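The structure presented is a predicted model; accordingly, all values stated were derived computationally and were not measured. Below, all heavy atoms of this structure are taken into account, side chains as well, without hydrogens, waters or symmetry copies.
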Amino acid sequence: MKKKVLSVLSLSIAFWMNAQEKDSLTKNKIEEVVITGQYTQQSINKSIYKVDVIDAQQIKNMAATNVADVLNQSLNIQITPDTRSGNSTANMMGLDGNYVKILIDNIPVVGDTGLGSNIDLTKLSLNNIERIEIVKGSMGVEYGNGAVAGVINIITRKTSAKKVAVKASLQEETVRNNYDLKKKGNGRHIQNFNVDYNIDSNWFANISFNHNQFMGYEGESRGYKYFGTDPEIKRGYEWNPKDQYDASALVRYTKNKTSFYYKLSYLNEKFNFYNPEMSRIPLNDGLGGVVYQSRDREYNTNRWIHQFNIQANLGNIRYMGDFSYQTQDRKYFDYNYDIPNRSVTSKDEKRSYYQTDIVYSRGMFSNFLNNKTFDFQLGYELDYTNGQAALIAGQFFGDSVKRNIFTYSTFVSGEWNISDQFSVRPGARLSVSDRFDNQFNYALSARLKTSENSNLRAVAGTANRFPTYDELFTYFVNINHDLQGNPDLNPEKGFSAGLFWDQNFSAGNDWKIAYGVNALYLDVQDRIEMVMVKKPSTYKYMNLNTYRNMLLSANVDFRKDQLAFSLRGSVNGTSVSMNELEHTSPTDFQYLVQAGASANYKLKNSGTGFSLYYKYTGPGRNYVLESDSEGFRLGKTDGFHMMDFIVSQPFWKDHMEVSVGVKNIFDVTSLNSTANAGSAHTAGADRINLYYGRSYFARLIYQF
């Protein structure tokens, strides 16, 4: 394996060192713009927030299959998969998906438990994505509930330079050493199709379709057909199969200073959970016959998203409004599976595991004074969420809990350009809910142009997180368990402050260099955790814990002609105060080191492209409760290296492109860990499943 890695590195370095031809596109590159946290679309250099951008070309170079794959390359973002449920969420600054707001075109995405937070990123395809914008830190004034650790905004494409543009692609991947083209075979199979049509100078339409079929990975298990008696061998999969279809349609109108678009998106996902436990049932037929049977589960998710956006001028006042109706229903049914005979013997009725219906609107008014020196923005946001939820362990009070939550927010901010070099933006938001106390968030941001090509940004702000269904309403009580939610929980409160400095310049021999240094502090009060409130087994969600995180990071990017190369590094420190009946955890900081590099090179004459991505995540440490008698101990999770290498070759005047490559070169699967705390009724695992190992892929793209 080391020889393979060294050969890949040697090949990549050779291409970097032989970069001789100039890239005319780089020299004429249009200035990058962002919309996250802005009054209107803004140059990234003039943005008052530090915004990290992953553009469409970078996404294409990665040969990723969904948003989770793309974000896994980013430092200080770790995608956390749950192989039992099939969901993968973003962990940012040490906090899980409940604290990261996921948006599509500035609108929060519906998920199992609400709007925008704890979103399964594998359900977000890359078809028709223009770029992904990332802002770290509490963004409660701009984006409200859940934007505690940061915001990830997925911007879709809404224009085309051609009258008609058609793009289709096929991608085939191995799943470690498993691959088969047959319908019931192994591997991952992805197909997508996209059509753009400029109807006239004002109207644009788009349709897209994507299919992503993951056939599962057995790992140490033996698949759903296994029914052996060896207790060391388990039936089922380490990564269960899932099959996704998603489609969207968009129509957009633009004339003068008015534009609007309507977009409809649909997702269907089938996820199979194959139970590793089997039952051996004697037939009592006098012949010693037996039946091997397992209790399996199938999930079916349907998601509809309706989005309408309008931007218009009302006199001098600029208005931007977002309106959305979204619904997601994750149904499940359990069934008894006769393994030797490959048949379903009985099947339960379908029930909703999570069901969420959301009406959402966000409106912003700006440019009241028509003044370049000072402007202010008034905005509102309303979210009406109606849903129901049921735990895998059992239903709430014997049935699904149905609740609705209405939240209305109004926010205001002002941007004062004190000089050409210095601008500030204070802001505040008041959120009123029919279930929780009023929440007040504030922000203060400033940008200092330290030179023609450098900026210093200072950002401070707050955000709250409302409790989830599980935290409010869980009720699972039997002879062995007493697990209860808490309807009286208070929202969590987050505060962050950061300094961000960046510089770019041109050096000799046409080198373009950009670098930056970032420091960010995050504090979360009233953390909600399930804690023991009475021995031996009575647990309840409580507002008890505090969380602190410090992040120091740096990056440097080099570009010359056809070569782009970047280096990144960070140190992340986390302190958590946890309380149990008789014990309180230590609050010293535990540090995590990460480093990354990427390189892209393109041969001018042939157009052959080479891409290399590397990320190192050091050992992680955190305190976990050892036992009621021994208190807390410091656990450790192993570090790991990730690397992908991709080669792309265009043909037929760039109408066709073939790409091949290898992902997860170092063959990372699961990690040793003594840092997993057990839940209220399960022990902590000593392994963490992160990936399914090295895979190879081939992709064919056709476009005109």
Side-chain angles (χ1 to χ4, degrees), residues 87 89-92 95-102 108-119 138-140 143-149 328 353-358 360 381-393 395-397 400-409 429-441 462-477 482-495 522-533 538-547 576-579 679-680:
N87 291 347
T89 57
N91 180 303
M92 184 183 291
L95 292 171
D96 63 31
N98 284 312
Y99 301 84
V100 181
K101 197 85 173 233
I102 307 296
V109 186
V110 65
D112 286 337
T113 57
L115 189 66
S117 298
N118 208 31
I119 301 301
S138 296
M139 297 280 288
Y143 294 106
N145 172 48
V148 177
Q328 179 165 304
Y353 180 72
Y354 280 115
Q355 181 179 347
T356 310
D357 294 280
I358 293 170
Y360 173 86
E381 183 179 55
L382 61 87
D383 164 16
Y384 178 79
T385 299
N386 182 35
Q388 61 184 36
L391 282 178
I392 213 168
Q395 281 72 46
F396 301 87
F397 298 97
S400 297
V401 167
K402 297 182 180 181
R403 293 289 187 271
N404 59 71
I405 299 174
F406 176 75
T407 304
Y408 174 79
S409 304
R429 170 188 286 244
L430 176 65
S431 298
V432 179
S433 170
D434 62 350
R435 184 168 295 278
F436 305 105
D437 292 338
N438 295 346
Q439 299 296 304
F440 177 76
N441 290 304
T462 64
N464 61 269
R465 183 184 80 85
F466 291 130
T468 65
Y469 277 108
D470 293 357
E471 293 163 344
L472 290 169
F473 305 122
T474 294
Y475 187 85
F476 182 58
V477 178
D482 188 343
L483 318 179
Q484 298 185 33
N486 185 353
D488 298 321
L489 287 171
N490 296 317
E492 298 181 358
K493 300 173 179 63
F495 165 80
L522 175 66
D523 184 288
V524 183
Q525 299 291 324
D526 291 332
R527 280 286 303 277
I528 299 171
E529 297 285 351
M530 178 171 278
V531 297
M532 180 182 289
V533 294
T538 300
Y539 292 82
K540 189 175 184 178
Y541 283 104
M542 303 284 288
N543 290 103
L544 286 178
N545 298 341
T546 60
Y547 179 93
V576 183
S577 171
M578 294 180 289
N579 298 273
S679 68

Smallest separation among heavy atoms of P467 and P491, with atom names: CD-CA, 4.1 Å
Derivation of the side chain to side chain contact (heavy atoms under 4.5 Å, CB included) call for L115 and Y360: CA-CA 9 Å; L115 189 66; Y360 173 86; 3.5 Å; yes
Any side-chain donor near an acceptor of the partner, Y143 and E381, under 3.5 Å: no
Derivation and outcome, side chain to side chain contact (heavy atoms under 4.5 Å, CB included), residues N438 and F440: CA-CA 7 Å; N438 295 346; F440 177 76; over 6 Å; no
Test item: T407 side-chain N/O and S433 main-chain N/O as donor-acceptor pair under 3.5 Å: no
side-chain contact (heavy atoms from CB on, under 4.5 Å) partner of V148, the single match among N98, V100, N464, V524: V524
Value rounded to 0.5 Å, distance of CG in N386 from CG in D357: 6.0 Å
For M92 against A149, the heavy-atom pair lying closest together: SD-O, 3.3 Å
Cation-aromatic face contact R465/Y99, 6.0 Å, 45 degrees: yes
Trace of the side chain to side chain contact (heavy atoms under 4.5 Å, CB included) decision for S117 with I102: CA-CA 6 Å; S117 298; I102 307 296; over 6 Å; no
Pairwise side-chain contact, L95 with R527, heavy-atom cut-off 4.5 Å (strictly under): yes
Considering all heavy atoms, the nearest M139-A463 contact: N-CB, 4.2 Å
Donor-acceptor side-chain pairing of N486 and E471 below 3.5 angstrom: no
T89 OG1 to N118 CG distance, which is reported to the nearest 0.5 Å: 5.5 Å
Considering all heavy atoms, the nearest I528-E492 contact: N-OE2, 2.6 Å
Which residues share a salt bridge (Lys or Arg N to Asp or Glu O under 4.0 Å) with D526, sequence neighbours left out: K493
Spacing of D434 atom CG and F406 atom CZ [to the nearest 0.5 Å]: 7.5 Å
Results of salt bridge (Lys or Arg N to Asp or Glu O under 4.0 Å) for K540 - residues two or more places apart only: none
Polar side chain donor-acceptor pair, Q439 to D437, under 3.5 angstrom: no
Parallel, tilted or perpendicular, as decided by the 30° and 60° cut-offs, for the rings of F466 and F436: parallel
Pairing residues for Y547 by the ring pair (Phe, Tyr, Trp, His ring centres under 6.0 Å) criterion, not counting sequence neighbours: none
Heavy-atom check, side chain of L522 versus side chain of S138, under 4.5 Å: yes
Over all atoms of both residues, closest heavy-atom pair of Y541 and L489: O-CD2, 3.6 Å
Steps toward side chain to side chain contact (heavy atoms under 4.5 Å, CB included) verdict (N87, D112): CA-CA 10 Å; N87 291 347; D112 286 337; 3.4 Å; yes
Short side-chain donor-acceptor distance under 3.5 Å, D383 and T385: yes
